[in-house]
Amino acid sequence: MPDLNTPTTWQHFIGGSPVEPASGEYFDSTDPATRRTLYRAARGTAPDVDRAVTAARKAFEDPRWRDLSQTRRGHLLRRLGELLAENADELAPMESRDNGKLLREMRGQLAALPEYYHYYAGLADKIHGATVPASDLRVLNYTVREPVGVVGAITPWNSPLTLTTSKLAPALCTGNTVVIKPSEYTSATGLRLAELALEAGFPPGVVNVVTGFGVEAGAALVDHPGLAKISFTGSTATGSRIAASAASRFIGSTLELGGKSPQLVFEDADVGNAAMGVVAGVFAAAGQTCIAGSRVLAHRSVYEELLERVCERARTIRIGDPLDEATELGPLAFEAQRDKVAGYVDLGRSEGARVLTGGASSDGGLGGYFYEPTVLVDVDNSMRVVREEIFGPVVAVMPFDTEEEAVRLANETEYGLAAGVWTSNLARAHRVAGRLDAGTVWVNTYRAMSPMSPRQGFKSSGVGIEHGTESVNEYTRLKSVWINTAEEPVADPFTMRS
Ligand code: NAI
Ligand code: MG
């Protein structure tokens, strides 16, 4: 842990070593719960990015990495998972301090994170091509899944270690090298992760980190000609810019973007469970998750009861120091994010929404950037507060009368990341899951996630797949090899084919 009175200075991590920024400049990272400066990180610019991509390319071609068997790659991933577990007591408070996430949530994430590395460790030597039937039996045609090269991973501040892992683990599993650009609000744990990767035995240059701002370090990485693939999690606006740049150079992009996920509570639901699911869905992590269940649609017959239960729990949520195990709601990750949330609630009021509970900023008794858990009613799908991603502890609740109407209202959004369905009717659960325009649908639960389960954002929520065996395709290219096994001389060159 950095000493709060004398902030540490972090350099980039390139080619296995700390590297000073070409600019000579550093920027502060603060603790949003107390506004104290935690550390200073290197302000990355194009020359640093170039150095990192060059190191990553060199490592990609180095026999120590290129010629490592897939099984050995798996061993390294397994070791990295173990190192994360061994260092959980350092990493959990480090990230909690940096973005205000509850220490108890970080402990939970760190208990799960090794499993992501272990999953991809097991997958590493099960990736292979196929033998393909050819029309001429003297020809052998087979496919090979190859790594693509240098992967750029640009990540946000809400769950840095977890979201970086969703990119790093599959990219390494498939033999690529990586340059990570963490969010400027949370540089520390990404740098530690790269150090641990080196300790685990990944050769120098396989995992690099350039810290800095999106428009400087981030844009330089996205635009670097040496990049073979870009993987991004963050806002839809930035994702759109990144996708355009990648497309213009014909490199692949995997994008995990924003959401405005609906939770549908039917008249046959266990309302107590649904209320817990709603609270967990939007107030956990102070609503700063891409999958936040920020729109609740409740059948008119359970609408009042659900609201009562959600508001009752919202009012008793303990706001405070994220490092205190009793705290249930920490701050927003930085001042502008808190102001954005406050601005949205004010906008909602002016649009005609009624604030049932919450609706105010708080300093959490610590001078930090907190916002109360907030429930909005008298809302409809035309309001910006219902259409746009707020990324804070704010939920909009509206009633519906029929299943048809619920599905229509739920799908009436530009996003399609996730959805929740609360019902005790089995047929309805499947029917509605089938009709929702969302990449992940949870029934009678919310926020469940596993390395084994693929996830994909529909519509403006993303492109490509993270987790699961399908994620391997995002970080590999498929080569088709044709071998002529015939003894006969090659025939007429003008009709030659198989
Ligand atoms: P952002 O999408 O701008 O930042 C995410 C990452 O992209 C950061 O590492 C940032 O430095 C980088 N970046 C920014 N501009 C870039 C560019 N032009 N080229 C390359 N990289 C760039 O998100 P930001 O500004 O941190 O948050 C703004 C809003 O985005 C939030 O209020 C929230 O609504 C949304 N957001 C959504 C997330 C999600 O998981 N769905 C995660 C983070 C933010
Ligand atoms: Mg910070």
Side-chain angles (χ1 to χ4, degrees), residues 2 7 10 27-41 43-44 46 49 94-101 152-160 162-164 166-167 179-190 209-224 227 230-246 253 255-261 285-292 294 322 330-344 368-369 388-392 394 415 417-418 455 457 460-462 466:
W10 286 92
F27 62 97
D28 289 347
S29 201
T30 50
D31 176 348
T34 61
R35 304 191 190 198
R36 289 216 230 185
T37 299
L38 289 173
Y39 59 86
R40 287 151 27 97
R43 182 168 172 173
V49 167
M94 193 181 234
E95 194 154 300
S96 278
R97 278 267 182 240
D98 219 356
N99 66 2
K101 190 178 273 300
I154 299 185
T155 50
W157 38 266
N158 48 325
S159 276
T162 293
L163 298 173
T164 304
S166 299
K167 306 175 184 322
V179 177
I180 299 167
K181 208 300 283 175
S183 165
E184 53 271 41
Y185 299 108
T186 51
S187 307
T189 48
V209 180
V210 174
T211 54
F213 297 97
V215 288
E216 291 178 356
L221 180 58
V222 169
D223 295 337
H224 197 288
L227 216 60
I230 184 93
S231 184
F232 170 79
T233 298
S235 65
T236 294
T238 301
S240 161
R241 224 170 289 138
I242 288 174
S245 173
S253 55
L255 310 167
E256 214 257 273
L257 309 174
K260 193 75 186 178
S261 299
Q288 300 169 107
T289 68
C290 48
I291 53 173
S294 47
L332 282 305
F334 48 97
E335 186 171 19
Q337 189 60 27
R338 201 275 308 275
D339 293 349
K340 177 183 169 184
V341 173
Y344 264 114
Y369 308 118
E388 298 175 15
E389 181 176 56
I390 298 176
F391 226 61
V394 181
Y415 295 111
L417 198 57
R455 67 169 185 195
S460 299
S461 290
E466 294 206 305

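Counting convention: from 1, in listed order, for ligands and their atoms alike.
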Please identify which atoms of ligand 1 are closer than 4.0 Å to at least one heavy atom of Ser183. 8 (C), 9 (O)

Atoms of ligand 1, numbered as shown, that sit under 4.0 Å from any heavy atom of Gly218: 19 (N), 20 (C), 21 (N)

Could you tell me which atoms of ligand 1, counted from 1 in the order shown, lie closer than 4.0 angstrom to a heavy atom of Leu257? 41 (N)

So does Leu257 get a backbone contact from the side chain of Ser461, meaning a donor-acceptor N/O pair under 3.5 Å? no

Measure the distance from atom 30 (O) of ligand 1 to every protein heavy atom, then report the residue, atom name and distance (to 0.1 Å) of the closest one. Ser235 CB, 3.0 Å

Pair Glu389, Tyr415: side-chain N/O donor-acceptor within cut-off below 3.5 Å: no

What do you think, any protein heavy atom under 4.0 angstrom from atom 28 (C) of ligand 1? no

Can you name the atoms of ligand 1, numbered from 1 with element, that are less than 4.0 Å from a heavy atom of Gln337? 31 (C), 32 (O)

By number and element, which atoms of ligand 1 are closer than 4.0 Å to a non-hydrogen atom of Arg241? 18 (N)

Atom CZ of Phe334 and atom CG of Asp98: how far apart are they, to the nearest 0.5 Å? 11.5 Å

For ligand 1, which atoms sit closer than 4.0 Å to a heavy atom of Asn158? 40 (O), 42 (C)

Atoms in ligand 1 flagged as close to Glu389, the criterion being non-hydrogen separation under 4.0 Å: 33 (C), 34 (O), 35 (C), 37 (C), 41 (N)

Which atoms from ligand 1 have a heavy atom of Ala219 less than 4.0 Å away? 19 (N), 20 (C)

Minimum non-hydrogen distance to atom 24 (P) of ligand 1, winning option of Trp157, Phe391, Phe232, Phe334: Trp157

Checking heavy atoms under 4.0 Å, the part of Ala237 that sits near ligand 1 is neither

Closest by any non-hydrogen atom to atom 15 (N) of ligand 1: pick that one out of Thr155, Thr186, Thr238. Thr238

State if Gly239 counts as touching ligand 1 under the rule of any non-hydrogen atom under 4.0 Å. no

May I ask you to list the protein N, O or S atoms found at less than 2.8 Å from the Mg ion (ligand 2)? Thr30 O, Asp98 O, Asp98 OD1, Tyr185 O

